[in-house]
Structure formats: structure tokens, C-alpha cells
Novice: 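Sharing a structure here in C-alpha cells format.
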Protein chains: 2
Amino acid sequence: MKDPITIKDIARELNISPSTVSRALKNNPQISKATIEQVQALAERLDYRPNTIAQSLRQSRTFTIGVIVPEIAHHFFADAISGIEDIAYKAGYNVIVCQSNESYEREVVNTKTLLSSKVDGILVSVSKQTSQTEHFNVLKRREVPLVFFDRVCEEIEASKVIFDDYEAAFATVEHLIEMGYKRIAHIGGPAPLLLSQLRHSGYVAALKKHGLPVVEEWTIQQGFNIEDGKEAALQLLADPANRPDAIFGVNDLVAIGAMLEIKKAGLHIPNEIGVAGFCDEPIAEVIEPALTSFVQPSFEIGRTAARLLINQIESPDNFEPKTELISDHLKVRASTLRNR
Amino acid sequence: MKDPITIKDIARELNISPSTVSRALKNNPQISKATIEQVQALAERLDYRPNTIAQSLRQSRTFTIGVIVPEIAHHFFADAISGIEDIAYKAGYNVIVCQSNESYEREVVNTKTLLSSKVDGILVSVSKQTSQTEHFNVLKRREVPLVFFDRVCEEIEASKVIFDDYEAAFATVEHLIEMGYKRIAHIGGPAPLLLSQLRHSGYVAALKKHGLPVVEEWTIQQGFNIEDGKEAALQLLADPANRPDAIFGVNDLVAIGAMLEIKKAGLHIPNEIGVAGFCDEPIAEVIEPALTSFVQPSFEIGRTAARLLINQIESPDNFEPKTELISDHLKVRASTLRNR
DNA sequence: CTGAAAGCGCTAACAC
DNA sequence: GTGTTAGCGCTTTCAG
């Protein structure tokens with residue numbers, strides 16, 4: 001790689017000192033209009049790029065924020081990242097994205113990498129395997145600003161952006177009940193995640209409120225992918241005598257996996273089995289019948305998380321952890337609109 | 001943020017010099033076993049993290065590679081990024097991902113950002129708007145290793161990983177022809193992209209080979225999203241007298257957009273209109289009828305691109321641009337299996 | 001308004 | 001085997 005232009009090159013060329021160049025490039029008001037123009041013109045001509053590495057080392061500030069998500073291939077996270085970038089770029093920060101691939105070990109490595117990269121703060125949505133939290137405590141001890149979003153870690157004192165999973169699950173199940181479904185099952189997320197627990201509680205609470213049975217075998221804790229939904233559905237459909245008449249999935253992919261198995265079994269959606277999901281990913285509109293799903297404003301969640309983090313980075317003194325509770329609405333589609 | 005442990009802290013504590021610490025941490029054979037152990041033990045105990053910023057500045061080497069993609073929300077790119085990370089991490093590199101959001105200006109900004117971050121090399125899949133290439137020439141001039149993947153820039157001399165779009169389109173259209181479709185339309189990608197042109201050429205060549213008409217109005221150049229597919233389909237279906245009996249989409253999303261409109265119009269897929277896509281994203285298996293699609297090994301494409309780039313970074317002397325042509329197979333599903 | 005000098009944390013010649 | 005020294009590119013006192 002070619003030797004890049006530095007501030008020294010510009011200084012030499014103009015017979016001024018590097019410090020003046022540095023100031024001129026930053027439009028420092030103490031520098032004369034003339035020099036500022038000269039310097040900036042030459043910088044432009046030589047296509048000078050500041051070495052952010054050197055700036056970071058000098059200022060002990062990287063203007064970079066790290067993001068750890070389970071998988072960017074999940075639409076929710078891809079959108080959330082775009083939301084994070086939106087706020088970050090506008091505030092002059094870059095974003096480094098790491099995937100934990102839902103692995104606890106990988107997540108620990110990610111935090112170490114980001115620590116070494118000296119990011120100014122970290123946004124995390126924890127992996128489904130994460131039950132230990134020592135790696136987050138390390139961040140706390142180093143006083144690295146830290147904000148959790150969507151999949152949070154309760155034990156750690158930090159700002160959090162969470163979705164109102166309990167209420168949303170409650171509303172979704174209540175909708176199923178209003179549509180006349182009475183034997184409602186739940187394909188839940190991985191047990192360690194708070195989000196799984198809350199969605200499950202909301203489901204149970206709605207059933208109880210309406211005097212419907214809470215059948216233990218009708219809750220199946222699984223992962224977050226289509227395959228997980230398929231497996232769970234197979235179990236739920238196994239015994240025709242004790243079969244649910246509706247399924248509430250922890251997310252859209254799981255709900256869609258269930259739909260595929262239901263259709264394969266020759267059962268009608270929504271007349272014989274209703275299905276509802278969570279997230280409202282694009283795929284929910286495409287599958288047939290279209291999937292009823294609780295909308296999660298992923299882009300906004302990302303923006304909110306980034307805003308909290310940047311505030312914390314920029315005014316660390318009067319910092320108090322804040323928890324933002326986000327909600328949205330249920331998007332009702334054909335998968336729960338049965339004919340009675 | 002708390003003052004982090006540095007090499008100096010360790011040196012002071014053990015009454016040795018910083019350079020010895022540096023060497024000991026790297027298992028330099030010149031250092032005695034005893035000091036190595038002492039140093040590493042203390043580093044461990046203090047939870048020392050090397051400051052990669054300082055290392056990068058010193059070595060003019062960041063062990064980071066930059067990636068510019070149009071959108072991580074596209075499954076293809078999310079998978080490709082995972083492939084890139086797979087190779088990069090194993091070789092000791094970090095990955096910074098930038099999204100151009102299909103905007104030329106944003107892509108230019110991305111290249112500047114990566115330049116300032118002093119990444120060791122850059123992987124690019126160009127935006128649909130990109131027709132000027134000056135920003136890539138800048139990279140060339142600075143001798144920043146550069147590899148294009150999937151959406152390449154022909155004019156720039158650089159390594160490229162491309163999919164055999166021509167052959168794949170040809171094979172897909174030939175499959176449609178074999179299934180008895182005779183009035184085959186094409187919803188193409190944005191005109192400036194080489195990939196759009198190649199897939200279109202493959203489509204035309206297959207029609208010609210089998211003596212089928214090449215109707216100009218049956219090719220509609222559009223974007224890459226479901227909405228684009230819907231719009232194009234509306235045009236294609238407008239005149240019942242001159243309606244195609246099959247549609248080959250430039251990717252799955254566009255094909256799915258078309259399917260939605262076809263179904264809305266009350267036409268049967270595949271009997272009245274056959275549909276084929278490209279990429280084989282998960283959604284292809286979920287839509288009804290399931291979508292025939294040419295498989296693109298996105299993860300592998302990412303891995304190949306990363307491998308080429310890292311080779312170029314690590315042996316810049318004997319470097320010659322290489323073009324890797326990847327292919328795969330057509331996954332036939334219900335959307336083209338008509339009853340005759 | 002500008003320059004000189006010091007130093008961010010680390011590494012690599014060069015000494016001994 | 002280990003220490004000394006210099007410097008990566010930049011910013012920021014301090015001086016004038």
C-alpha cells in the first residue's frame with residue numbers, strides 16, 4: 001500500500017507547521033482565513049485523508065461504536081443495525097458489527113475484540129445461549145458505556161431498550177381468543193432469554209384472564225428459526241385427540257415453520273388452526289395465508305438504543321441507566337381470520 | 001471510561017522494560033521462559049487488553065478488512081458477510097461492514113471512511129446506482145487491495161468473484177422452455193449492473209436457441225425488491241391479449257412480488273403462468289407455490305472473496321488480479337411444474 | 001495567529 | 001536476554 005499523504009506533507013509543502021495544518025483542517029477560528037483556505041485547498045488537491053488511527057490514539061476516542069447481535073441474517077437485527085447506523089453516522093460515529101452466531105463463546109470473544117478496538121461504547125443483543133454475564137461485568141468495570149437492546153441481560157445495570165413483550169404477547173393471544181380459538185398453544189423462544197419468558201407470561205396471563213386452559217404440553221420452548229417451528233409443530237400435532245386449535249409463535253419464522261407443517265398435515269389455516277407470530281417480518285405478508293403478527297419497529301429500536309448509548313458516551317457524568325419500553329400494534333392478517 | 005491497563009503498567013509492576021513485556025506477550029523466543037510466564041500471568045490477572053489502535057499505528061497495519069454491500073437486509077449479503085467473517089477471523093482479521101443502501105453517494109462516503117480507518121483491504125459489491133467508478137480508482141491509486149464480489153465493476157482492474165449469471169439465467173430459462181412455456185418474460189435488475197445485463201443476455205440466448213420470440217416489452221428493468229416485482233408484473237399482466245405465460249425474475253424477491261400480483265389477478269401458478277427466481281433465499285421455499293430458483297452459494301462467495309483479498313494483502317508482490325467464476329444449480333420447485 | 005514540543009501505546013532497530 | 005531509543009500521525013498545551 002502506498003504511503004498516504006499526512007499532515008506533515010501538507011505542512012512541508014506550505015512551509016508551515018504541522019500543528020497549523022491540523023488546526024486549519026478543523027477550521028479553528030484562531031487560524032487566519034488565508035491559511036485555512038490554502039491548507040484545505042491543498043488537502044483537497046492531494047486527496048488527504050486523516051489517519052483516524054492516529055487521531056484515536058491521540059484522543060483516546062475512536063468515534064466508533066460496537067454492536068453485537070446474534071445474527072445479521074435475521075431481518076429484525078438487520079433493520080435494527082440500520083437504525084443504529086442512522087443515528088451513529090449523524091452523530092459522527094462509525095459502527096462495527098459483530099455476530100455472536102447465537103454462541104456464548106463467540107459473544108465473549110466479540111466483547112474482547114471490541115475492547116481491544118477501543119470502541120467508545122457497545123450495543124448488545126445477547127445470544128440465546130448467554131446465561132453467564134461475566135463478560136458484561138468486565139465492560140462495566142472498565143466503564144465502557146453499554147446498552148442492551150431487545151435481548152437484554154437483567155442482572156447487569158445498564159440502559160436497556162426493550163419491547164413490551166408481555167403486553168404484546170397478551171394482546172396477540174387475546175386476539176386469538178376473540179377469534180374463538182380455545183385451545184391455544186405457544187411455541188416459545190429459548191428458555192434463558194428474558195424475552196422468551198415475558199412472551200410466555202403474556203400468553204399464560206391472557207389464557208387465564210379468559211378462563212382458558214393452560215396446558216403444559218402446549219408450550220414448547222425452541223429456537224428462533226423455521227426448523228424450530230417445524231419441530232415444535234410436529235409435536236403439537238402428534239396427537240389428534242389433544243390438538244391445539246391455535247398457535248402463537250415467539251416470532252414469525254417459528255410461526256411460519258409451524259404453518260408449513262400444519263399445511264403439510266392437511267389442516268386448514270385459519271379454520272382448523274389459527275397461527276400468529278411476532279416481529280412482522282416481510283415474509284409474514286408473503287406466506288399463505290398471510291400471517292397475523294405483532295409489529296416490532298426494529299429500525300426505531302436500533303435508533304433508540306444508539307441514542308441512549310451516544311448520550312451516555314458524551315455525558316458520562318450525569319449518567320443514569322434508563323430503560324426504554326417500546327411497543328407497537330398487532331397486524332391482523334388471514335392466518336387468524338377464521339370463518340365461524 | 002477507566003484508564004485501561006497498558007504494557008507500561010505491567011513493566012512497572014515487574015521492574016522490567018516495556019519492550020520486554022511486549023516481546024513476552026508475543027512469546028518471543030529470545031525472552032526467558034521465566035519472564036514470559038511472569039508477564040503473561042500478570043497480564044491475565046490484570047485482564048490486560050492490547051490497544052489495537054496503538055498496534056495499528058505502529059505497524060501501519062490494522063488487520064481489519066472493510067466490506068461495502070448494498071444492504072445487509074438482503075439475505076444474500078448477510079450470508080456472504082458471514083462467509084467473509086469466517087475466513088477473516090480464522091486469518092486474524094476483523095471485519096467492518098458498511099451499507100451503501102444502494103446509493104452511489106453513500107458508497108463513495110463508505111470508501112472514504114474505510115480509507116481513513118486504514119483498513120488493510122476492501123471487499124465491494126457495488127450499489128445499483130453506481131456507474132461512475134472514480135472512487136474505486138482512488139483505492140487503486142493508493143494501492144489498497146480491492147476485491148469485488150457478486151456486483152462487480154468491470155472497468156476496474158481488480159480481483160473479482162462473480163457468479164456465472166449468464167449460464168445460470170440460460171439454464172433457468174431453458175428449464176421454463178422445457179416445461180412448455182413459450183411466452184417468457186423477464187423482470188430484470190437495474191440496467192447499469194453487469195449482473196443484470198448478463199442475466200438478461202442468458203435469458204435472450206435461451207429464447208433464441210429454442211426459436212422463441214424475444215419480445216421487447218417482456219423485459220422490464222426494475223430494482224431488487226418485492227415492490228419492484230409487483231410493479232413489473234402489473235405491466236406484464238396489463239394486456240390479457242399479449243400476456244406472457246412465464247416470468248423469470250432477476251432475483252427471488254422480484255419473482256415473489258410478481259407471484260403476489262399474479263395470484264391477486266386470479267391466475268394460476270404454474271398452470272397459467274410459471275415463475276422462476278434467482279438466489280434461492282429461504283423465502284423461496286415458503287411461498288406458495290414454492291419458487292423455482294437458481295441457487296447462489298452466498299456463504300461460499302463471501303469466503304472466496306475474503307480469501308482472494310487476504311492473499312493479496314499478504315503477498316502484494318506477486319499479485320495478479322484473478323476472477324473466480326462460481327456456479328451452482330437450479331432448484332426446481334412447484335412454481336414451474338405445470339400440468340400439461 | 002503560529003510554532004515547538006510532548007506524548008497517546010506500542011514495536012523494532014540497535015545496543016550491551 | 002533485556003534495555004534504550006525513536007517514531008507511527010496526530011492533537012494540544014504552552015510560548016511567543
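Here is the naming used below: chain letters follow the sequence lines, and residue numbers restart at 1 for every chain.
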Novice: Could you state the CD1-C1' distance from Ile7(A) to dG3(C), rounded to the nearest angstrom?
Specialist: 14 Å
Novice: By nearest nucleotide on DNA chain D, pick out whichever of Gln59(A) and Asp3(A) is the more 5' one.
Specialist: Asp3(A)
Novice: Just one of Thr64(B), Thr62(B), Thr52(B) clears the side-chain contact (heavy atoms from CB on, under 4.5 Å) bar with Ile53(A), so which one?
Specialist: Thr62(B)
Novice: Is any side-chain N or O of Ser19(B) under 3.5 Å from a base N or O of dT4(D), one able to act as donor and the other as acceptor?
Specialist: yes
Novice: If you go through the side-chain atoms of Arg23(A), does one of them form a donor-acceptor pair with the base of dG3(C) closer than 3.5 Å?
Specialist: yes
Novice: Quick check on dT2(D): is either OP1 or OP2 less than 4.0 Å from any side-chain nitrogen or oxygen of Thr20(B)?
Specialist: no
Novice: Judged by atom type as modelled, is there a donor-acceptor pair below 3.5 Å linking the side chain of Ser159(B) to the main-chain atoms of Pro321(B)?
Specialist: no
Novice: Rounded to the nearest angstrom, tell me the gap between atom CG in Asn51(A) and atom P in dC8(C).
Specialist: 18 Å
Novice: Tell me: CD of Gln30(B) to P of dA13(C), nearest whole Å?
Specialist: 11 Å
Novice: Whole-Å distance between dC10(D) P and Arg49(A) CZ?
Specialist: 13 Å
Novice: May I ask you to evaluate whether Tyr48(A) reaches the phosphate of dG9(D), defined as a side-chain N or O under 4.0 Å from OP1 or OP2?
Specialist: no
Novice: Check every strand shown and say whether Thr35(B) touches a base, only sugar-phosphate, or nothing at a heavy-atom separation below 4.0 Å.
Specialist: sugar-phosphate
Novice: Asp120(B) CG to dC8(D) C1': how many Å, rounded?
Specialist: 15 Å
Novice: Ignoring backbone atoms, test whether Lys118(A) places a side-chain nitrogen or oxygen under 4.0 Å from the OP1 or OP2 oxygen of dG9(C).
Specialist: no
Novice: From CG of Asn15(B) over to P of dG3(D), roughly how many Å is that when rounded to an integer?
Specialist: 9 Å
Novice: Does the side chain of Gln99(A) pick up a donor-acceptor pair with the side chain of Glu85(B) at under 3.5 Å?
Specialist: yes
Novice: dA5(C) P sits how many Å from Lys8(A) NZ, rounded?
Specialist: 14 Å
Novice: Flag this pair as yes if the NZ/CZ of Arg106(B) is under 6.0 angstrom from the six-membered ring centre of Tyr104(B) and inside a 45 degree cone about the axis; otherwise no.
Specialist: no
Novice: Using a heavy-atom cut-off of under 4.0 Å over every strand shown, decide if Ile16(B) touches base, sugar-phosphate, or nothing.
Specialist: sugar-phosphate
Novice: Using the rule given for salt bridge (Lys or Arg N to Asp or Glu O under 4.0 Å), can you reason through Arg45(A) versus Asp47(A), listing the C-alpha separation, both sets of side-chain angles and the distance that settles it, and then say yes or no?
Specialist: CA-CA 5 Å; Arg45(A) 194 160 67 68; Asp47(A) 201 20; over 6 Å; no
Novice: Would you classify Leu57(A) as touching base, sugar-phosphate or nothing, given that sugar-phosphate means primed atoms plus P, OP1 and OP2, and contacts are heavy atoms under 4.0 Å?
Specialist: base
Novice: Please give, in whole Å, the distance from dG3(C) C1' to Ile31(A) CD1?
Specialist: 10 Å
